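Computed from a prediction, not measured in an experiment: that's the story for all the values here. In what follows, chains carry the letters A, B, and so on, assigned in the order in which the sequence lines appear, proteins first and then strands, with residues in each chain numbered from 1.
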Amino acid sequence: MFELIILTFDSTLRVSTPLLLACLAGLYSERSGIVDIGLEGKMLGAAFGAGAVAYLTANAWLGLLAGIAVSVALGLLHGFASISNRGNQIVSGVAINFLAAGLTALLGQTWFRQGGRTPSLPDGGRFREIVWPFAEEIRGVPVIGPIYSELLSGHNILVYAAFLAVPLTWWVLFRSRFGLRLRAVGENPAAVDTAGISVTWLRYRAVIACGILCGFAGSYLSVAAGSGFGVNMTAGQGFMALAALIFAKWKPVNAMFACLLFGFLDAAGTRMQGVEFPVIGELPLQVFQALPYVLTVILLAGFIGKAIPPKAAGIPYLKERS
Amino acid sequence: MSAGQLPRWVDYGLIPFLNLAAAFLVSGLVVILIGENPLKAVQVLLWGSMGYAEGIGFTLFYATNFIFTGLAVAVAFHAGLFNIGGEGQAYLGGLGVAIACLALDQYVPWYVTLPFAIICSAATGAAWAFIPAWLQAKRGSHVVITTIMFNYISYSLMVYLLVNVLKEKGSMQTETRTFEEGGRLPMLNDLFPSLGFGYSPVNLSLFIALAACVLVWLLVFRTRLGFEIRSFGANATAAVYAGISPVRTIIITMLISGGLAGMMAINEIMGSQHRLLVDFVTGYGFVGIAVALMGRAHPVGIVLAAILFGMLYQGGAELSFEMPNITRDMIIVIQGLVILFAGALEHMFRPTIVRIFTPSRALAAKEA
């Protein structure tokens with residue numbers, strides 16, 4: 001039983017990582033007042049960029065850089081449409097999702113001719129698991145052994161990076177001057193403008209930060225968890241990250257717990273197939289799949305606390321002109 | 001730079017045309033990028049979608065789907081609501097159609113089944129839109145986010161229903177049994193053999209879609225409710241002061257929107273597939289956003305935009321056959337570009353156009 005719990009938690013960490021990275025990405029963007037439902041598209045674009053470059057160069061780090069570059073480029077497009085041109089942010093996000101889904105499959109097929117997939121990555125093209133010191137030696141020790149060598153050790157570097165990004169994001173948002181202004185611009189851009197700080201440049205920086213983190217999230221899928229890019233490999237995880245962001249009420253530490261919860265539901269759903277529960281009987285897999293979204297809707301409805309988005313989110317800022 | 005400063009034909013003709021031209025120009029660049037000739041691609045696309053009767057039939061079949069989902073998004077637009085849940089509402093609409101057809105197809109002819117199928121599909125689609133609508137109206141949870149969530153919930157729900165409830169016993173496929181004659185709409189090819197629509201699945205629902213366009217036009221522009229919807233969309237605060245109930249407007253608009261999205265399933269399920277199956281919506285709900293944007297939320301514009309997207313779908317299929325380098329994913333790229341230029345970047349060309357069309361004297365007077 002204990003072994004089973006550890007294994008479930010272990011896969012929870014793996015499933016949560018891309019969610020967490022994308023969720024933190026959305027956090028930067030939405031805290032600055034730019035709603036981003038293009039997380040999915042950016043992740044997908046990044047996964048493709050990372051997979052393609054990692055295959056061509058056999059270098060996972062270059063892959064990661066390419067993934068980030070693609071994702072930031074899509075983020076800048078979102079910024080150009082919604083910050084510079086004051087376009088509708090939802091529409092822009094939908095467009096980015098379409099563009100990424102189409103272009104990755106199209107270019108993947110043109111370049112690699114494997115139905116849109118990239119070929120399997122060569123050895124150096126993937127991030128490998130990092131085994132912590134003495135992991136093998138203390139595996140046999142009860143309780144601590146499995147926790148140390150299964151749960152903590154043996155993940156790739158992006159998993160650790162994702163969880164380190166949580167305190168970092170917290171510090172940036174709540175302890176740095178940039179974070180203060182970022183939060184202010186999402187609540188009251190006019191006030192920030194009056195203080196002589198550029199709303200446009202702040203929001204662009206937020207969108208770029210979002211792009212970088214989405215780049216990590218997408219790259220994780222293709223060069224760390226998987227061994228190459230597959231068509232539509234994000235499969236809605238960007239939207240799930242959005243749900244997690246709302247569930248976390250736009251706070252970094254909450255985001256981590258929300259992503260862990262959603263990841264756990266996913267991991268548990270796979271393990272619970274065919275398991276009979278007392279009273280309720282066997283739960284279908286679809287219940288676990290739908291649960292994160294159902295929970296988010298219930299939260300949004302204000303039945304378990306209230307999720308209040310940044311006040312200026314979704315509203316383009318227009319400087320007053322005479 | 002609001003609308004109204006420009007002649008109507010510029011606002012409703014030139015600017016959408018420029019946005020569309022920009023989208024197609026970039027699409028052409030993508031085609032060049034993958035090493036094909038864009039002009040030849042356009043030729044194949046036009047021929048495939050409009051060059052012969054069967055192709056036209058397919059184009060119209062896809063257009064029917066887009067009219068429904070486009071109208072759904074447009075009605076919500078008029079109330080300032082963004083119904084991004086057409087996907088899920090259409091999926092649930094499939095459930096409604098299937099319930100009506102499975103119950104009746106063995107006993108009555110199709111024209112008796114049809115009204116029930118329409119009612120059921122609209123009802124299930126509307127029901128799926130009701131919860132987000134109610135949550136927005138009563139609890140203030142944003143309809144964009146809730147409808148996204150509901151798209152995913154609908155997927156899980158429908159897969160569950162298909163696998164555990166609706167699946168034919170002993171079948172390996174996750175789909176219902178195939179409907180009998182009483183659950184199938186006549187194909188236009190059978191009604192009008194001389195038009196030569198051949199094997200294309202275009203069916204009677206095309207006319208239902210066109211009727212829906214007329215009804216939506218009447219509703220939005222000629223009824224009191226439509227006026228309330230548009231007033232609420234133009235300025236919600238003012239509308240409330242004028243005595244328009246926000247709760248009522250939001251809920252009714254979303255019910256109509258969801259119902260229209262749900263009716264898309266008539267074309268797909270009763271008109272073509274003749275059985276309920278997994279994943280039959282495949283993005284039509286999202287394309288509805290592009291259709292509504294391009295059609296400027298007006299029924300006539302939506303019909304034109306829907307035909308254009310129908311051409312992209314059918315011509316794109318032909319294109320991937322003729323020029324294998326250009327896979328069907330190219331259509332998704334073009335859609336993305338259309339949404340980007342016609343929707344998110346709609347203001348990009350406007351300042352220039354305004355400058356061109358404003359007489360210099362008026363401009364000088366304004367600046368003075």
Side-chain angles (χ1 to χ4, degrees), chain A residues 35 37 41 77-78 80-82 84-111 115-116 231 236 239-240 242-243 246 284-297 299-303 306-309 313-314, chain B residues 1 30-31 33-36 82 84 131-132 134-136 138-142 144-146 148-161 163-164 283 286-287 289-290 293 324-348 350:
Chain A
V35 171
I37 64 168
L77 183 65
H78 187 51
F80 176 69
S82 56
S84 298
N85 279 290
R86 302 192 305 279
N88 186 314
Q89 296 168 9
I90 307 288
V91 175
S92 168
V94 172
I96 283 166
N97 289 339
F98 267 88
L99 279 179
L103 279 175
T104 52
L106 187 69
L107 294 179
Q109 170 62 16
T110 316
W111 291 344
V231 172
F239 289 109
M240 168 114 33
L242 201 62
I246 297 159
L285 179 63
Q286 287 83 19
V287 170
F288 290 96
Q289 286 170 344
L291 210 50
Y293 304 111
V294 175
L295 284 176
T296 306
V297 169
L299 175 86
L300 276 168
F303 293 120
K306 190 104 180 111
I308 302 161
Chain B
M1 303 297 169
V30 174
V31 173
L33 183 70
I34 57 176
E36 292 286 349
F82 208 131
I84 214 161
I131 312 169
W134 186 84
L135 289 173
Q136 158 106 41
K138 285 280 192 188
R139 319 277 318 185
S141 32
H142 204 286
V144 169
I145 301 296
T146 37
I148 292 177
M149 302 300 137
F150 267 70
N151 283 343
Y152 284 96
I153 299 173
S154 76
Y155 187 78
S156 296
L157 176 68
M158 291 297 285
V159 171
Y160 172 77
L161 286 177
V163 171
N164 295 295
F286 283 117
V287 181
I289 299 168
L293 282 171
N325 261 344
I326 308 179
T327 55
R328 292 202 67 168
D329 305 299
M330 186 68 214
I331 317 171
I332 303 176
V333 177
I334 299 178
Q335 280 165 15
L337 290 168
V338 168
I339 297 176
L340 186 70
F341 282 101
L345 290 173
E346 62 171 338
H347 300 309
M348 196 164 62
R350 190 176 278 276

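The parts of Gln289(A) that come within reach of chain B are both its backbone and its side chain, each placing non-hydrogen atoms under 4.5 angstrom from that chain. Contact annotation for Leu340(B): both backbone and side-chain heavy atoms come within less than 4.5 Å of a heavy atom of chain A. At a 4.5 Å heavy-atom cutoff, the contact between Ile37(A) and chain B is made by side-chain atoms alone. If you measure heavy-atom distances from Ile289(B) to chain A, the contacts under 4.5 Å come from the side chain alone. The part of Phe82(B) that comes within reach of chain A is its side chain, from C-beta onward, which places non-hydrogen atoms under 4.5 angstrom from that chain. Residue contact with chain A, scored on non-hydrogen atoms closer than 4.5 Å, involves the side chain of Phe150(B) exclusively. In this structure, no portion of Ser82(A) lies under 4.5 Å from any heavy atom of chain B. Contact of Val30(B) with chain A is made through the side chain alone, with heavy-atom distances under 4.5 Å. For Leu293(B), the part lying under 4.5 angstrom from a heavy atom of chain A is the side chain only. Contacts of Leu77(A) with chain B are made by side-chain atoms alone, with heavy-atom separations under 4.5 Å and no backbone atom involved. In this structure, the portion of Ile246(A) lying under 4.5 Å from any heavy atom of chain B is its side chain and not its backbone. Of the atoms belonging to Leu33(B), it is side-chain heavy atoms, and not backbone ones, that fall under 4.5 Å from chain A.
Side-chain contact between Arg139(B) and Leu300(A): absent, with no pair of heavy atoms (C-beta onward) separated by less than 4.5 Å. Using a 4.5 Å cut-off on side-chain heavy atoms (C-beta onward), Val31(B) and Met330(B) make contact. Between Phe341(B) and Met348(B) there is a side-chain heavy-atom pair separated by less than 4.5 Å. Annotation: side chain of Leu107(A) is in contact with side chain of Ile34(B) (closest heavy-atom distance under 4.5 Å).
Per-residue counts of heavy-atom pairs under 4.5 Å with chain B were compared for Val35(A), Val297(A), Leu242(A); the largest is that of Val297(A). Ranked by heavy-atom pairs under 4.5 Å with chain A, the list Ala342(B), Gly336(B), Gly343(B), Gly140(B) is led by Gly336(B). No other option in Asn325(B), Leu135(B), Leu157(B) has as many heavy-atom pairs under 4.5 Å with chain A as Asn325(B). Ranked by heavy-atom pairs under 4.5 Å with chain B, the list Ala95(A), Pro292(A), Gly87(A) is led by Ala95(A). Note: Ala105(A) leads Gly41(A), Gly116(A), Ala105(A), Ser92(A) in heavy-atom pairs under 4.5 Å with chain B. The choice from Asn164(B), Val144(B), Ile153(B) that makes the most heavy-atom pairs within less than 4.5 Å of chain A is Ile153(B). Note: Asp329(B) leads Ile84(B), Ile145(B), Val159(B), Asp329(B) in heavy-atom pairs under 4.5 Å with chain A. Most heavy-atom pairs under 4.5 Å with chain B: of the set Pro309(A), Ala101(A), Gly236(A), this distinction falls to Gly236(A).
Side chain of Asn85(A) to backbone of Phe80(A): a donor-acceptor contact under 3.5 angstrom is found. Checking side-chain atoms of Thr104(A) against main-chain N and O of Ala100(A) turns up a donor-acceptor pair under 3.5 Å.
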message = Under the criterion side chain to side chain contact (heavy atoms under 4.5 Å, CB included), I'd like the reasoning laid out for Met240(A) against Tyr293(A): C-alpha separation, chi angles, the key distance, then a yes or no.
response = CA-CA 8 Å; Met240(A) 168 114 33; Tyr293(A) 304 111; 3.6 Å; yes

query = Does the pair Val333(B) and Phe98(A) meet the rule for a side chain to side chain contact (heavy atoms under 4.5 Å, CB included), with working shown?
reply = CA-CA 6 Å; Val333(B) 177; Phe98(A) 267 88; over 6 Å; no

Candidate pair Leu295(A) and Leu299(A), rule side chain to side chain contact (heavy atoms under 4.5 Å, CB included), full reasoning = CA-CA 6 Å; Leu295(A) 284 176; Leu299(A) 175 86; over 6 Å; no

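Across all their heavy atoms, Gln89(A) and His78(A) have their closest contact at O-CE1, 3.4 Å. The two residues Ala243(A) and Thr296(A) have their closest heavy-atom pair at CB-OG1, 3.5 Å.
Using cut-offs of 30° and 60° for the angle between ring planes, the Phe239(A) and Tyr152(B) rings count as tilted.
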